[in-house]
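Nothing here was measured: the structure is a model prediction, and the numbers come from that model. Atoms within a ligand are numbered from 1 in the order they appear, just like the ligands themselves.
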Amino acid sequence: MKTNTRILLFPFLGTLLAGGFLMDAAAADIATLIAPCEDCHGKDGASEEPKIPTIGGYSAIYITDSLAVYRDKTRPCEDVKYPAGKHKGETTNMCEVAKNLSDEESGLVAEHYAGKPFVRAKQSFDAELAKVGKGIHALECKKCHEDGGSSSDDDAGILAGQWMPYLQDQFEEYTTGKRPMTKKMKPKIEKLSADDIKALIQYYGSFQ
Ligand code: HEC
Ligand code: HEC
């Protein structure tokens with residue numbers, strides 16, 4: 001949309017863009033594209049920040065879909081400060097990040113992270129609660145989140161070994177209706193008690 005406006009306003013720049021000259025030059029440099037991602041999500045998308053999810057090893061489809069829902073703001077974007085890098089301490093959010101990527105760039109970034117291993121977070125968990133969570137998962141969640149939610153093949157994110165504080169935030173957004181859910185997951189999430197959610201989070205955190 002932005003490009004179209006520019007083409008109308010600046011015929012010369014429009015011609016350059018239409019020729020793909022600027023687009024290709026920008027898209028080709030994967031290192032430049034992922035530099036801000038790495039500052040927050042960690043090297044190769046393996047996060048060291050409990051509130052920032054690990055994204056290395058997610059499926060390309062999950063990543064492009066996520067960037068799309070951030071871009072159109074159907075998924076909420078909490079403000080977050082860069083924990084490292086040249087923007088350290090500056091505030092932004094995923095909607096702002098996604099807004100600046102073209103479809104082509106989103107695809108490139110997604111392919112890049114899909115090719116990295118998912119590194120499980122080292123975090124402490126309650127083994128008793130994790131056992132309870134395992135039972136709930138097997139009953140309600142396994143169908144779409146296989147092997148404890150450790151497979152990227154089901155395009156539903158990775159739960160096993162994801163940061164527990166991040167997951168806690170997501171459950172809060174789901175249960176308060178801020179983050180939209182697929183129709184089939186909604187009834188499953190809505191019938192969970194607060195204790196069920198606590199146990200599920202401990203279960204996912206127990207994969208290390
Ligand atoms: C300033 C920090 C920051 C930057 C820069 C950033 N992210 Fe994020 N990202 C986050 C936070 C925090 C969340 C989770 C919170 C939320 O949903 O608002 C997130 C969530 C995501 C998710 C969803 C993960 C899931 O499990 O659903 C994806 C995918 C993602 N980011 C990809 C990227 C990519 C690709 C880039 C670079 C183009 C990037 N992020 C840049 C902080 C950042
Ligand atoms: C019918 C399939 C389905 C079922 C059943 C299901 N989910 Fe999901 N889940 C998904 C899909 C698809 C996503 C991808 C993101 C989205 O649509 O919100 C997802 C995403 C998630 C996320 C966010 C992952 C991230 O990286 O941010 C969590 C947490 C989650 N599910 C937990 C659960 C739990 C707990 C259960 C069982 C009580 C469950 N899901 C049952 C399909 C399902």
Practice task
Using non-hydrogen atoms of the residue, decide whether Leu101 is closer than 4.0 angstrom to ligand 1.
Solution key: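 The answer is yes, since Leu101 has a heavy atom less than 4.0 Å from ligand 1.
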Problem - Test item, Val80 contacting ligand 1 (heavy atom, 4.0 angstrom) - result: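 Yes, Val80 has heavy atoms under 4.0 Å from ligand 1.
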Using every non-hydrogen atom in the two residues, find where [X] and [Y] come nearest and quote the distance to one decimal.
X	Y	result
Phe125	Gln208	CD2-NE2, 3.6 Å
Leu67	Leu101	CD1-CD1, 4.1 Å
Ile158	Ser152	CD1-CB, 4.1 Å
Pro76	Lys178	CD-O, 3.2 Å
Tyr174	Pro180	CE2-O, 3.6 Å

Return the closest protein heavy atom for [atom] as residue, atom name and distance.
atom	answer
atom 27 (O) of ligand 2	Tyr166 OH, 2.7 Å
atom 15 (C) of ligand 1	Tyr70 OH, 4.2 Å
atom 5 (C) of ligand 1	Pro36 O, 3.3 Å
atom 25 (C) of ligand 2	Tyr62 OH, 3.2 Å
atom 29 (C) of ligand 2	Leu159 CD2, 3.7 Å
atom 16 (C) of ligand 2	Tyr174 OH, 3.8 Å
atom 21 (C) of ligand 1	His41 CE1, 3.5 Å

Exercise for the section: For atom 8 (Fe) of ligand 2, decide whether Met185 has an N, O or S atom at a distance under 2.8 Å. Expected result: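 Of the N, O and S atoms in Met185, at least one lies under 2.8 Å from atom 8 (Fe) of ligand 2, which means yes.
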Practice task
Please determine if atom 8 (Fe) of ligand 2 has an N/O/S atom from Cys141 lying under 2.8 Å away.
Solution key: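 Within the cut-off used here (under 2.8 Å), Cys141 places no N, O or S atom near atom 8 (Fe) of ligand 2.
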Exercise for the section: Under 4.0 Å, heavy atoms only, figure out whether ligand 1 is touched by the backbone of His87, its side chain, both or neither. Expected result: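 Neither; nothing of His87 gets under 4.0 Å from ligand 1.
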Practice task
Using a 4.0 Å heavy-atom cut-off, say whether Cys77 meets ligand 1 through its side chain, its backbone, both or neither.
Solution key: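 Contact part for Cys77 vs ligand 1: backbone (N, CA, C, O).
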I'd like to check which ligand 2 atoms, numbered from 1 as shown, lie under 4.0 Å from a non-hydrogen atom of [X].
X	result
Leu200	35 (C)
Tyr204	35 (C)
Pro180	18 (O)
Thr182	12 (C), 17 (O)
Phe171	35 (C)

Hey, which atoms in ligand 1 end up nearer than 4.0 Å to a heavy atom of [X]?
X	answer
Glu78	18 (O)
Ser66	29 (C)
Thr92	1 (C)
Cys37	34 (C), 35 (C), 36 (C), 37 (C), 38 (C), 39 (C), 41 (C)
Tyr58	25 (C), 26 (O)
Val109	35 (C)
Pro76	17 (O), 18 (O)

Practice task
Decide, counting backbone as well as side-chain atoms, whether Met94 has an N, O or S atom less than 2.8 Å from atom 8 (Fe) of ligand 1.
Solution key: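 Yes, Met94 qualifies, because one of its backbone or side-chain N, O or S atoms lies under 2.8 Å.
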Practice task
Please find out if atom 8 (Fe) of ligand 1 and some N, O or S atom of Cys40 are separated by less than 2.8 Å.
Solution key: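 No, outside the cut-off.
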Regarding ligand 2, does [X] bring an N or O atom to under 3.5 Å of one of the ligand's N or O atoms?
X	result
Gln162	no
Arg179	yes
Lys184	no
Gln170	no
Lys188	no

Exercise for the section: Assert yes or no for the condition that the ring centre distance of Tyr113 to His41 is strictly below 6.0 Å. Expected result: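 Aromatic pair excluded; centres sit 6.0 Å or further apart.
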Problem - Check: Ile189 and Thr175 side chains under 4.5 Å, non-hydrogen atoms - result: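 Yes - at least one pair of side-chain heavy atoms lies under 4.5 Å apart.
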Problem - Minimum side-chain heavy-atom gap Glu173-Glu78 below 4.5 Å - result: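 Glu173 vs Glu78: side chains touch.
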Practice task
May I ask which of Ala156, Cys144, Gly157 has a heavy atom nearer to atom 1 (C) of ligand 2 than the others do?
Solution key: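 Ranked by closest heavy atom to atom 1 (C) of ligand 2, first place is Cys144.
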Handout entry: Distance-only donor-acceptor check, side chains Asp195 and Ser193, under 3.5 Å
Key =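 Their side chains do not contain a donor-acceptor pair, so the 3.5 Å distance test is not met.
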Practice task
Classify the side-chain pair Ser59/Asp155 by whether it contains a donor and acceptor separated by less than 3.5 Å.
Solution key: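 A pair is found: one side chain offers a donor N or O, the other an acceptor, under 3.5 Å apart.
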Practice task
Apply the test salt bridge (charged side-chain N to carboxylate O under 4.0 Å, His left out) to residues Lys43 and Glu38: give CA-CA distance (whole Å), side-chain angles for both, the deciding distance (0.1 Å), then the verdict.
Solution key: CA-CA 5 Å; Lys43 183 163 168 18; Glu38 303 266 302; 5.4 Å; no
Exercise for the section: Could you check Lys186 against Glu190 for salt bridge (charged side-chain N to carboxylate O under 4.0 Å, His left out), going step by step and ending with a plain yes or no? Expected result: CA-CA 6 Å; Lys186 200 162 187 266; Glu190 281 175 349; 3.3 Å; yes
Handout entry: Asp65 and Arg75 ion-paired at < 4.0 Å
Key =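 No salt bridge links Asp65 with Arg75.
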Exercise for the section: For atom CD of Gln170, decide whether the heavy atoms of other residues, nucleotides or ligands shown that lie under 6.0 angstrom number more than 12. Expected result: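 Buried by this count: over 12 neighbours within 6.0 Å.
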Exercise for the section: Can you label the angle between the Phe171 ring and the Tyr204 ring as parallel, tilted or perpendicular, going by 30° and 60°? Expected result: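 Phe171 vs Tyr204 ring planes: parallel.
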Exercise for the section: Please state whether His145 comes within less than 4.0 angstrom of ligand 2, counting heavy atoms only. Expected result: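 For ligand 2, residue contact (heavy atoms, under 4.0 Å) with His145 is present.
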